[in-house]
Amino acid sequence: MTAAGATANTSVAAALRADRRALVAIVLLTSIALAYLLALAGIEGTLREVIALIPFTFAPGAAIVMRLKPVGALPSVGLSAAISLAVTAFGAWLMIEIGWYVPWLLMTVVLTPAALALLGEPVRVARAVRTSRPAAPHDDGSPNDSANAKTSGDLPQTPTLPFAAPLVTGVALWLLSLSSIDLGEMTDIGVASVLPPTWLAGFALTLGGGVVYAARGGRNPWLLAGYVAGVATIIYGTLPLVSDAAHYPAAYKHVGVVQLFLEHGHLRPNADIYNRWPGFFALAGAFKSFSGADSALRHIAWAELYFILLQSALVAAIALKVFRRAAVATLAALLFLLINWIGQNYYSPQAFVFIPALAALWIVLSQLGDTPNALGRFVDRVAGWVSRSEPPDGAPPAPSWDRRQAVALVLLMQAAIVVSHQLTPYAFGLQLGLLLICGFARPRWLLVAIAALPIVYLLPHLGWINDHFGIFTKLDPFSNAQVNDPIAVKCDGCETVGSMATLNSAVAWLGAIAGAILLTRRAPATRPQVLLMLMLAPFLFLGGQNYGGEAPLRVVMFASPFTAALIAGALLQLRPVLRQLLALALAGVLGFTLLLALYGGEPFSAISKTEVRVAKYIYANGEKGMVVMSAAPTFPDLLAANYNDFLHLNGGGQIILFDRPGEQRGRLGGGAESVQFVADQLRLWGYDGYIVFSPNTDRYNAFNNLATEEQSRQVRQAMVESGRFRLWHKDGDVEVFEFVK
């Protein structure tokens, strides 16, 4: 090779390293190639799954985002993930809908054009170098924090290293603490009762360090991102590392639907509601096949961390767009983590669709903004009257994208949401609808399209839904705001956990309202009333639905991004010392209440590996048409592809033995009366069935005063002695009884 050729190659390599978009494209292209090579080599395991996750999550979306005008690194990450998942989910839905579900073909169809588009980035840079012309610069669209540092009153920047110390130390303490956590010793207040001091210190250091650094106006993007990732990992990575198996029984029934799709390749519309909104399950099946995992069970433990990280990136992107400061974006993401106590990010459709919903709202706020109409100006005047300030004047900044591109992406997001979840399209429609009706966004016809998509999709399923669930529950928002408690019994610790959850939301919502008032006085140009409208819009849903008792939980979920953004934006308007103190105090209250509220349900949602094995055994060896009943709703039910061969509730819920406290009291002392009680419970569903008992079911019933562990033992003994039941299967301390006559 000549010296000139070597110099040219060196220049190309240096140029590729300097061009962020080209470098990202190379990383994604490499991950695509490695994923296919590992598949062709027949290599399976964690390494292949992690490598496959990179192009699955980012490649198709990045190929599209790179064709648009730059919007900044942080929004690009969130948008790339949302677009990738939306495109793949919609494609997977099309395949399963027509009965030709071939996940590998789907991934090849999605990734091939993405790879060709991504290849254009390094080619562009290489051509520019070889022709001695600089590559076209790409402004990443990131806000210039240094431009507003003086006017914001931030403290002078100090070296990054001192502010990295809490993150490094906190994560190290957290890792050291994991071996000391014994979930078997939990009380009825949950995981918080067994967290060692080192865990608490690690969490406090990481959270406190991130809050202080952001409140000071810190601008190092890697450190800001590291704090958000660190706090999220501590909160959502602890249980996967210390639990015997993935928690939340509901996650296991979603595994069964994924396995059903993979085995049969078509829908069974009368099986359950999941076969009528299959987008997420078809998407999850595509990743299972692409990653080479032997079962979707391998992915459910880490789903919470995966989803919350992507959601946090989009929340930060929304705050960054509104307030133009990385410190506000980081503080918003941290607060978002602290007010998400509802535990809805497990392996589920609602966790997935929240990602495209947030991405669509970012697109609307950043690319479809417009001058408000008469109703919008009235909202501005009301905000000005409340805050005793002048309403903002003028139109929002000009968008960087063509409006048609932005509208197309919003419709894509809504389409992926519509085919995946029953509630989220309407919650998203309420939020977007308020902006469109008030003129804060255009075009107004988008509201018709956003509303039409879920309604048109619902119509073919309307009769089935009305028969099994009902379209509306009652037009009583106070009744709909009540969280469902199917057993109507609460443990002592549950009262504490519930109070902490209520306190967490109350503090957050009051803080957001106060923040909106402060922002309208000090930063009216940010139009905090728009964020407040987005926060309050989900409450309108309570006017007609309780969503099986989960409506208030979903309200917390849909409102949380904008609650966090309002608080973060307001805090950064205060003097540096004051905002650091307030931010730390607020983070302390929210962090404390989060640990009790989020972890408080773990005694009732913990799963053991033995229970998972037993569930697999039942579905592999049980007789079709039998009832699978659990002593408590803590068994990993419905996790196999043939779950529909057994009797289960229409909504996919478990059939529970001890679920009628009034009827069962006095009948659990053993003997014939206990046996007859069990037989009566089975008779409600069918005479033939299996009944599962485990230490987890015993713990659940004891905590909830449904049945003591001694009563559970007496019932099992009486069942066998009666001759009407036999011990059908036993694995460790998990027992399955079969009704014989």
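What you see below is based on every heavy atom in this structure, not just the backbone, and it leaves out hydrogens, waters and symmetry mates. Start at 1 with the first residue, then count along the sequence. Given the structure is predicted, the values throughout are model-derived calculations rather than measurements.
For the pair Pro196 and Ile181, the minimum side-chain heavy-atom distance is below 4.5 Å. Using a 4.5 Å heavy-atom cutoff, the side chains of Ser694 and Asp733 are not in contact. With a 4.5 Å cut-off on side-chain heavy atoms, Val194 and Tyr599 do not count as touching. Leu297 is listed as a side-chain neighbour of Val612, based on a closest heavy-atom distance under 4.5 Å. Two residues are said to be in side-chain contact when any heavy atoms from C-beta on lie closer than 4.5 Å; Ile64 and Leu79 fail this criterion. At a threshold of 4.5 Å between non-hydrogen side-chain atoms, the residues Ser312 and Phe336 count as touching. The side-chain heavy atoms of Val353 and Met413, taken from C-beta on, include no pair separated by under 4.5 Å. Counting heavy atoms from C-beta on, the side chains of Gln414 and Pro425 come closer than 4.5 Å.
Classification of the Phe737-Phe693 ring pair by plane angle, with boundaries at 30° and 60°, yields perpendicular. Ring orientation note: the planes of Tyr101 and Phe261 are nearly perpendicular, at an angle over 60° on the 30°/60° scale.
In this structure, CG on Leu409 lies 6.5 Å from CG on Leu68, to the nearest 0.5 angstrom. Summarising the geometry, atom CG belonging to Leu283 is positioned 14.5 Å from atom NZ belonging to Lys288; distances are rounded to the nearest 0.5 Å. One distance of note links CZ of Phe307 with CG of Asn340; it measures 13.5 Å at 0.5 Å rounding. Taking OG1 from Thr206 and CG from Leu167, the interatomic distance works out to 6.0 Å, rounded to the nearest 0.5 Å. To the nearest 0.5 angstrom, Met626 atom CE is 9.5 Å from Leu647 atom CG. Rounded to the nearest 0.5 angstrom, Ser295 OG and Leu262 CG are separated by 9.5 Å.
Nearest heavy atom pair, residue Val255 against residue Ala296, reads CG1-CB, 4.2 Å. The nearest pair of heavy atoms linking Pro55 to Leu111 is O-CD2, 4.0 Å. Of all heavy-atom pairs spanning Gly202 and Ile234, the tightest one is O-CD1, 4.0 Å. Considering every non-hydrogen atom in both Ser420 and Gly279, the closest pair reads OG-CA, 3.4 Å. Closest approach of Ile32 and Ala59 over heavy atoms only: CD1-CB, 4.0 Å. Ala35 and Ala52 get closest at one heavy-atom pair: CB-CA, 4.3 Å.
Under the 4.0 Å criterion applied to side-chain N and carboxylate O atoms, Arg20 and Glu121 are not assigned as salt-bridge partners.
Shown here are the side chain to side chain contact (heavy atoms under 4.5 Å, CB included) partners of Ser630, two or more places apart in sequence or in another chain: Phe635, Gln654, Thr697. Gln259 meets the side chain to side chain donor-acceptor pair (under 3.5 Å) test with no other residue; sequence neighbours excluded. Taking Leu105 as the reference, Met95, Trp100, Val102, Val109 meet the side chain to side chain contact (heavy atoms under 4.5 Å, CB included) condition, with sequence neighbours excluded. Residues passing the side chain to side chain contact (heavy atoms under 4.5 Å, CB included) test with Trp302, sequence neighbours excluded: Pro240, Leu241, Leu305. Residues passing the side chain to side chain contact (heavy atoms under 4.5 Å, CB included) test with Ala416, sequence neighbours excluded: Ala86. Judged as a ring pair (Phe, Tyr, Trp, His ring centres under 6.0 Å), and not counting sequence neighbours, the contacts of Phe203 are Trp199. Remark: Phe281 pairs with His254, Tyr274 by the ring pair (Phe, Tyr, Trp, His ring centres under 6.0 Å) rule, at least two apart or across chains.
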Item to check | Test side chain to side chain contact (heavy atoms under 4.5 Å, CB included) applied to Leu310 and Leu85, step by step | outcome: CA-CA 11 Å; Leu310 294 179; Leu85 296 176; 4.2 Å; yes
Next on the checklist: If you apply the rule side chain to side chain contact (heavy atoms under 4.5 Å, CB included), what do you find for His299 with Leu53, and how did you get there?
Outcome noted: CA-CA 11 Å; His299 306 143; Leu53 187 63; over 6 Å; no
Next on the checklist: Determine whether Glu735 and Val692 satisfy the following criterion, side chain to side chain contact (heavy atoms under 4.5 Å, CB included), listing intermediate values before the conclusion.
Outcome noted: CA-CA 6 Å; Glu735 298 176 327; Val692 184; over 6 Å; no
Item to check | Chi angles and distances behind the side chain to side chain contact (heavy atoms under 4.5 Å, CB included) call for Val736, Ile691 | outcome: CA-CA 5 Å; Val736 184; Ile691 306 175; over 6 Å; no
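Judged by distance alone, the side chain of Asn696 and the main-chain N or O of Ala606 form a donor-acceptor pair under 3.5 Å. Formation of a donor-acceptor pair under 3.5 Å by the Trp362 side chain with backbone atoms of Pro75 is not found in this model.
By the neighbour-count criterion of 12 heavy atoms within 6.0 Å, atom NZ of Lys609 is sparsely surrounded, having that number or fewer from other residues, nucleotides or ligands.
Between the side chains of Tyr306 and Asn345, not a single donor N or O lies within less than 3.5 Å of an accepting N or O.
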Side-chain donor-acceptor pairs under 3.5 Å in residues 614-623, sequence neighbours left out?
unit_1	atom_1	unit_2	atom_2	d
Tyr619	OH	Asp637	OD1	2.3
Tyr619	OH	Leu638	N	3.0
Asn621	ND2	Tyr617	O	3.0

Kindly list each side-chain donor-acceptor pair under 3.5 angstrom involving residues 172-180, sequence neighbours excluded, with atom names and distances?
unit_1	atom_1	unit_2	atom_2	d
Trp174	NE1	Thr238	OG1	2.9
Ser177	OG	Trp174	O	2.7

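Applying the ring-ring contact (aromatic ring centres under 6.0 Å, His included) rule to pairs touching residues 51-80 yields Phe56-Phe287, sequence neighbours excluded. Within the structure, the side-chain hydrogen bond (donor to acceptor under 3.5 Å, both in side chains) test picks out the following pairs touching residues 31-51 (sequence neighbours left out): Tyr36-Thr108, Thr46-Arg298, Glu49-Arg298. Annotation: side-chain hydrogen bond (donor to acceptor under 3.5 Å, both in side chains) contacts involving residues 241-252, sequence neighbours excluded, comprise His247-Glu304, His247-Glu602.
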